[in-house]
2 protein chains.
Amino acid sequence: MVTLAEVAQHAGVSASTVSYVLSGKRSISSTTRQRVERSIRELGYHPNAGARALASSKSNIIALMIPLRTDMYVPVMMEIAIAVATTARTHGYDVLLLTGEEGPDAVRRVAGSGLADGMILMDVELDDERLPLLRATDQPSVLIGLPADTAGLTCVDLDFRATGALCVEHLAKQGHHDIAVIGEAPAVYERHTGFAERTLDGLRSRARELGVRLLHRPCEGGYDAMAVTLARILDERPDTSGLVVQNESAVEPLLALLRQQGRAVPEDMSVVAICPDQVATQASVRLTSVAIPAQEMGRRAVEHLVAKLEGRGGDEVVLLAPELTVRASSGPAPSRS
Amino acid sequence: MVTLAEVAQHAGVSASTVSYVLSGKRSISSTTRQRVERSIRELGYHPNAGARALASSKSNIIALMIPLRTDMYVPVMMEIAIAVATTARTHGYDVLLLTGEEGPDAVRRVAGSGLADGMILMDVELDDERLPLLRATDQPSVLIGLPADTAGLTCVDLDFRATGALCVEHLAKQGHHDIAVIGEAPAVYERHTGFAERTLDGLRSRARELGVRLLHRPCEGGYDAMAVTLARILDERPDTSGLVVQNESAVEPLLALLRQQGRAVPEDMSVVAICPDQVATQASVRLTSVAIPAQEMGRRAVEHLVAKLEGRGGDEVVLLAPELTVRASSGPAPSRS
DNA sequence: ATAGGCTGTCGAAGCGCTTCGATTCCCATT
DNA sequence: AATGGGAATCGAAGCGCTTCGACAGCCTAT
């Protein structure tokens, strides 16, 4: 393994000079710089990460905590993770992958050991047990998701409240008066995941404002669960003409069931989904949807974290504005029978 | 930040003693050990990762290279990644997430900088450009996937050849004589991803042995592409009574189309899928399938890598035996009209 | 001509840990 | 009583890098 000292010797300069060439923290004459750079190339030198971390107390690593459970939004999380990793690289950082398994201990471990310079937490719950620790350890961090109390925290998330409102608006504008919401699995609501509740909140308050009736039913993914849920909805509110779906794995079952029951989309039933674009465009009916901007969230999270690490910028809550794309699954409400 | 020296002082011993308590590399009297452990707890000491890495030239980090493209098997990759991360933790390792973006350079960078002790590469292609580098830098590594030349490499993968064979066998046993394979997107074959070709190989050779006709058609995911592909298959081979699907995002469109065309599954058409169990059980027809053992692959990869890092075990190719689970989508072939 | 200020370079002091002798102490052998 | 050998502990020397202060050389302003 090639060391700084060897490069220095090869280039006929001192070790510190090589270090300054690398970091650019002091001015170096261009002849010396070139000589050093040449030696680096010829010897195939790579700075030793551990030594660097020790001397500078910076690891150039960002920790990313992803939830352990994979019961929802897996592709979204993957996309976020990839966006985080690639964005981090453009800023000179690598990404350490932590699963939720360790729980709050992971925060302690990473902060205490100097393994990472900062961390990004995904799937933050309304009252997340990692937050007190995070506040205590002045470890720079960014959350993807929105907890109940954001004091002293930086958060990035889709504005799910506005998302809910947007869905209702779109349907109301088309004349729908009875709207049903097919939500995430009950477990998601029970664990008080912020986004699910905020969406619901947005849906409900906008519905109230617009004088639209709204029915919300959680739903496990899959065909069987969907069949039960749909039957119950149509039983309770036979005039339902608009559906808002916030559950990736319920989308296709829903469309299949509607088709099977002879309800045409969008003629008899309009469907608006809250899901990644990929799901919306690959469904058997191209879905009118509000996209989950996964890449954007990952990118923003990294950029805010890097800003913090460089001493720029402070706490902030960034809510990305939702965008509704009209596709083939929504249209005017059928005239009342 | 608490240091080893502070712990030592607090416990009234030398720094080296604390180090030996931590590593267990020399015997320590139980009284001393307890005193030290108490100090560690009271001070909330965490060893500094950088210093440790520098002194021991071991980072206790495993690098995981995931492909950048997310055009296929996203949930599988996520599951593997999570399995890798959790398994690694049980062995005292953390996981560094590298995307394919950097390409072969990432291998050089990680190996050169001592950032990670070893690496796991996912989505290995038949003639992967990272392999020569890997062989050159004696960086311990494990591949998930099977390249053309496995000399000097450790690989973990599902035995896709056997998987293909198993699917054909199952259908043949039920009397099907005309089988069509709905494969991955053309791009997957073009980039010579090993698993797709090996599956096809297994399908074809077993079909030949059993005297079954086999038609293979790649297929993009999504409803529209599936419609075209299915139409073409039934046009070319109207007697097709068995389908093997190896493309997650084609599964549900396929079932929807069959339903729409009045072809009952499994009475008129048997379907066998190669996909994660979750997809198979959540589909609108519970699918007979060969599962992709994602967790198992991630776990095994880590365990082999750890074994290498500890000097145990050498190069080896581990092919996991496929298991076919019979569900509702396959049955006897319809009697010839 | 001289003081002052840049620029470019070097040497040395750590960063917090591991690890290798060396040392002490105690007990079992001779 | 002398010897040998373990067990338990310590001190010191790095690991490869960053960074601070020092200094030599040169240019500009007086």
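A note on names: the letters A, B, ... follow the listed sequences, proteins ahead of strands, and every chain is numbered from 1. Values below: every heavy atom of this structure, side chains too, minus hydrogens, waters and symmetry copies.
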OP1, OP2 of [N] versus side-chain N and O of [X]: anything below 4.0 Å?
X      : N       : answer
K25(A) : dT18(D) : no
S29(A) : dT9(C)  : yes
R52(A) : dG16(D) : no

message = Regarding S19(A), tell me which of base, sugar-phosphate or nothing describes its non-hydrogen contacts under 4.0 Å with the strands shown.
response = base

query = When we call it a touch if two heavy atoms are under 4.0 Å apart, what does I28(A) touch: a base, just sugar-phosphate, or nothing?
reply =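 The residue I28(A) makes sugar-phosphate contact but no base contact.
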
To the side chain of [X], which of [options] is closest?
X      : options                   : value
N48(B) : dC17(C), dG16(D), dT18(D) : dC17(C)
S14(B) : dT7(C), dC17(D), dC10(D)  : dC10(D)
S16(A) : dA12(C), dC15(C), dG16(C) : dA12(C)
S56(B) : dT19(D), dG16(D), dT19(C) : dT19(C)
T32(B) : dT19(C), dT19(D), dA8(D)  : dA8(D)
A55(B) : dC10(C), dT19(C), dC17(C) : dC17(C)
P47(B) : dT19(C), dC17(C), dT19(D) : dC17(C)
A51(B) : dC17(C), dC17(D), dG8(C)  : dC17(C)

Acceptor/donor pairs from residues 9-21 of chain B side chains to any protein atom, 3.5 angstrom cut, sequence neighbours excluded:
residue: H10(B); atom: ND1; partner: S39(B); partner atom: OG; Å: 2.8
residue: S14(B); atom: OG; partner: S16(B); partner atom: OG; Å: 3.0
residue: S14(B); atom: OG; partner: T17(B); partner atom: N; Å: 3.4
residue: S14(B); atom: OG; partner: T17(B); partner atom: OG1; Å: 3.2

Return the value, rounded to whole Å, for the distance between atom [atom1] of [X] and atom [atom2] of [N].
X       : N       : atom1 : atom2 : answer
R26(B)  : dG11(D) : CZ    : P     : 14 Å
M1(B)   : dC15(C) : CE    : P     : 13 Å
L115(A) : dG16(C) : CG    : C1'   : 14 Å
L4(A)   : dC15(D) : CG    : C1'   : 13 Å
Y20(A)  : dC10(C) : OH    : C1'   : 10 Å
R33(A)  : dG8(C)  : CZ    : P     : 9 Å
N60(B)  : dT18(C) : CG    : C1'   : 13 Å
K58(B)  : dG16(D) : NZ    : P     : 17 Å

Sidechain N-carboxylate O distance under 4.0 Å for [X], [Y]:
X       : Y       : answer
E101(B) : R89(A)  : no
D149(B) : R135(B) : yes
D157(A) : R198(A) : yes
R299(B) : E296(B) : yes

message = How close do L153(B) and P147(B) get, counting heavy atoms only, and between which atoms?
response =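 Minimum heavy-atom contact is CD1-CG, 4.1 Å.
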
request  = For T31(B) and for L54(B), locate the closest nucleotide of DNA chain D by heavy-atom distance; then report the residue assigned to the nucleotide nearer the 5' terminus.
outcome  =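 Result of the comparison: T31(B).
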
